[in-house]
Amino acid sequence: MAKPRSWTQIWSSIVGVCVLNFVLNFKIVAVADDTGSNSIVSEGDCKNTNYQIFLPPPYQNISSTICKPVWHSYELRYTKTGDTTTIILSAPYTVGWVGIGFSRDGMMAGSSAMVGWINKHGHAKVKQFYLRGRRQSEVIIDKGELPLNTVPAAVATNGAEIYIAFQLQTTIPFGKQPILLAFSTKHPLNHHLSKHVDKAAIIFDFSSGSTGPVSNGLIHMRKSHGIVGIIGWGLILPVGAIIARYFRHKDPLWFYLHSVIQFVGFSFGLGTVLLGLQLYRNMHVHIPAHRGIGIFVLVLSILQILAFFLRPDKDSKYRNIWNLYHSWFGRMALFFAALNIVLGMRAAGAGNDWKAGYGFLLSIVLVAVIVLEVLAYLKRSEKRSLPQTFQMDPVGDANFPTNLAKG
């Protein structure tokens, strides 16, 4: 078999809910679940507001807040003391619900929100919701990923506005954060939120108070990150591994196909990581498990590329060790890559079309592997069951009797 020679060197380095607002006003306060300042704040273009009149402690006592208009006449105030960030959202209100949510990518799915409203009986309510998807059944009450501290959240009306106040406890400083804002003119029924009348997605910089829209570029980049990852890790690299395991009888064609396909798949995998690092820099998305596994898989794939250039000759005593290393590191990389695709879709709140698409692709790959593995096993069994060819001893080695009768 002809050995492939050298390959060109490839690349060099690798680096790196929804705000829902209320439009109603009664002089009612809700603390935490069901119950019902001193400082006057006037920063930027925000209105003067005396929190002591309507907000409970500790919100009525906060001072030196930064206030910015964020959407229509919605205003977002915040202040940071140690690891505690206090956030107050104000909005016009008549009836229905309003809330503020935090998203990873400016999309509703996968975000967590603080929602406030005044029910039909005049009681003020404030709850956290996890927006797992777009359907009403996927909006889960009393769930979410916001790091709320022990201070109860509060919702209050003052004049023609509603205020939602809560505190987050985190050692990671807030930077540019995608925020979702929305409201509805219908009351929640049994804590099930009605469909919003209007919504907005913005980027709010908690380090400077500046705001801006969530760009379509970031949304497209997130989709590209997922698509490139699924094509590279979910399709191309598994196909290359299948060729190496089940088509070795097509020698040397299998080797060339395996090498070229894996290099192409590695390029897609590298592109996935680079897009992920760019998303991390632009959106400050903190998904440690997904990010850590992605880097781990990239390291494994780099080791596989190095193994290609450093493989010993067939007659080398190290060739068996190299074969074991190359095959098992490859399997490990494909397993963790598939796991990371699932984690990524979950973290991004991917829709059913993404889940169904990847599920279908993964099923096709697994079925192909199972069928080929069964066929390979049957072929090996058939070879073992064939009778060995009868071989006569050479004449020179035969043992003939030496004492022959003389006749």
Side-chain angles (χ1 to χ4, degrees), residues 4 7-16 224-248 254-280 287-312 318-348 350 354-355 357-370 372-373 376:
W7 289 69
T8 357
Q9 190 163 10
I10 328 173
W11 23 74
S12 26
S13 63
I14 298 116
V15 183
S224 300
H225 173 70
I227 291 171
V228 172
I230 290 174
I231 291 175
W233 290 109
L235 177 62
I236 298 177
L237 289 170
V239 167
I242 287 172
I243 288 174
R245 178 165 177 81
Y246 301 109
F247 294 92
R248 285 179 178 263
W254 76 267
F255 179 83
Y256 291 104
L257 285 176
H258 173 68
S259 302
V260 171
I261 290 172
Q262 298 308 79
F263 273 114
V264 173
F266 176 74
S267 302
F268 274 80
L270 180 61
T272 305
V273 173
L274 294 177
L275 284 170
L277 291 173
Q278 197 169 352
L279 280 170
Y280 180 78
I287 315 173
H290 180 65
R291 188 166 177 247
I293 293 176
I295 293 173
F296 175 65
V297 170
L298 179 64
V299 170
L300 289 178
S301 62
I302 292 173
L303 291 175
Q304 291 292 81
I305 296 296
L306 293 176
F308 171 82
F309 292 106
L310 300 176
R311 71 189 188 286
Y318 300 108
R319 184 59 182 243
N320 287 336
I321 298 174
W322 182 91
N323 287 337
L324 288 172
Y325 152 79
H326 186 61
S327 60
W328 282 104
F329 270 52
R331 292 185 181 104
M332 194 187 309
L334 291 176
F335 171 78
F336 280 103
L339 174 64
N340 213 30
I341 290 173
V342 174
L343 289 177
M345 288 194 297
R346 182 181 176 185
W354 283 79
K355 296 174 184 176
Y358 179 63
F360 178 76
L361 177 62
L362 184 60
S363 300
I364 293 295
V365 171
L366 291 177
V367 168
V369 168
I370 292 171
L372 289 170
E373 191 67 36

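- Under the 4.5 Å side-chain criterion, counting only non-hydrogen atoms from C-beta, I227 is not in contact with F268.
- Taking CG from L366 and CG from L361, the interatomic distance works out to 9.5 Å, rounded to the nearest 0.5 Å.
- Heavy-atom minimum distance, W322 versus A307: NE1-O, 3.1 Å.
- For the residue pair W233 and A337, the shortest heavy atom distance occurs at CE3-CB, 3.5 Å.
- Taking the six-membered ring where tryptophan is involved, the planes of Y325 and F329 are tilted, since the angle between them lies from 30° to 60°.
- The CD1 atom of I243 sits 3.5 Å away from the CD1 atom of I261 when rounded to the nearest 0.5 Å.
- To the nearest 0.5 angstrom, H258 atom NE2 is 7.5 Å from R248 atom CZ.
- In terms of heavy-atom proximity, F266 sits nearest to L237 at N-CD2, 3.9 Å.
- The aromatic rings of F255 and F308 lie parallel to each other, their planes meeting at an angle below 30°, with 60° marking the opposite boundary.
- T272 and H225 get closest at one heavy-atom pair: O-ND1, 2.9 Å.
- Among all heavy-atom pairs drawn from P238 and G232, the shortest one is CD-O, 4.2 Å.
- Going from atom CG of L270 over to atom CG of L298 covers 6.5 Å, rounded to the nearest 0.5 Å.
- Scanning all heavy atoms of the two residues, the minimum distance from I230 to Y358 falls at CG2-CD1, 4.0 Å.
- Taking CD of E373 as the reference point, atom CD1 of I242 lies at 10.5 Å (rounded to 0.5 Å).
- Expressed to the nearest 0.5 Å, how far CE of M332 lies from OG of S327 amounts to 10.0 Å.
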